[in-house]
Amino acid sequence: MKIKSFLLLFIITVALLMSQIHSYASAKPNITQSEWEKLTKSNDFYYNNDIERRITPKQYQENIFIKAIRKFFEFLMSKEGNILIWILVILVVVFFFYKFFFT
């Protein structure tokens, strides 16, 4: 019973949506071609100065300190840097075990 009710509701919903989409797609434009040309030729519709001729800001130039930090972290995130980090972690753990158990 629930499946039949759901299917009926689904079919009705799809039919209503399809009819609305069809009526929207088949609607005639509210403006004629001559009115459209008249509107688009006016300066109010002209956006060239606002968007296409916008002055782009200067590119940010990084100093050498920021570049060095970025390269350092890029190295640490690389395969070789990852191996180096694990070697350091293992050395620290071995050092603590040595100091704790053997001295």
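In this text the structure is predicted, and so the values were computed from the model without any measurement.
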A.B. asks: Who are the side-chain contact (heavy atoms from CB on, under 4.5 Å) partners of Phe101, not counting sequence neighbours?
C.D. replies: Phe97

A.B. asks: What residues form a side-chain contact (heavy atoms from CB on, under 4.5 Å) with Lys67, not counting sequence neighbours?
C.D. replies: Glu62

A.B. asks: Quick one: pull up CZ in Arg70 and CD in Glu74 and give me the separation to the nearest 0.5 Å.
C.D. replies: 6.5 Å

A.B. asks: Sequence neighbours excluded and cut-off under 3.5 Å, please list the side-chain donor-acceptor pairs for residues 75-88, or say none.
C.D. replies:
unit_1 : atom_1 : unit_2 : atom_2 : d
Ser78  : OG     : Phe75  : O      : 2.6
Ser78  : OG     : Glu80  : OE1    : 3.4
Ser78  : OG     : Gly81  : N      : 3.3
Asn82  : OD1    : Trp86  : NE1    : 3.3

A.B. asks: Under the 4.5 Å side-chain heavy-atom rule for ILVMFWY, direct or indirect, which residues accompany Val94?
C.D. replies: Ile90

A.B. asks: Sequence neighbours excluded, which residues qualify as side-chain contact (heavy atoms from CB on, under 4.5 Å) partners of Phe96?
C.D. replies: Val92

A.B. asks: Could you work out the complete set of other residues in the hydrophobic cluster of Tyr60, with links drawn between I, L, V, M, F, W and Y side chains under 4.5 Å apart?
C.D. replies: none

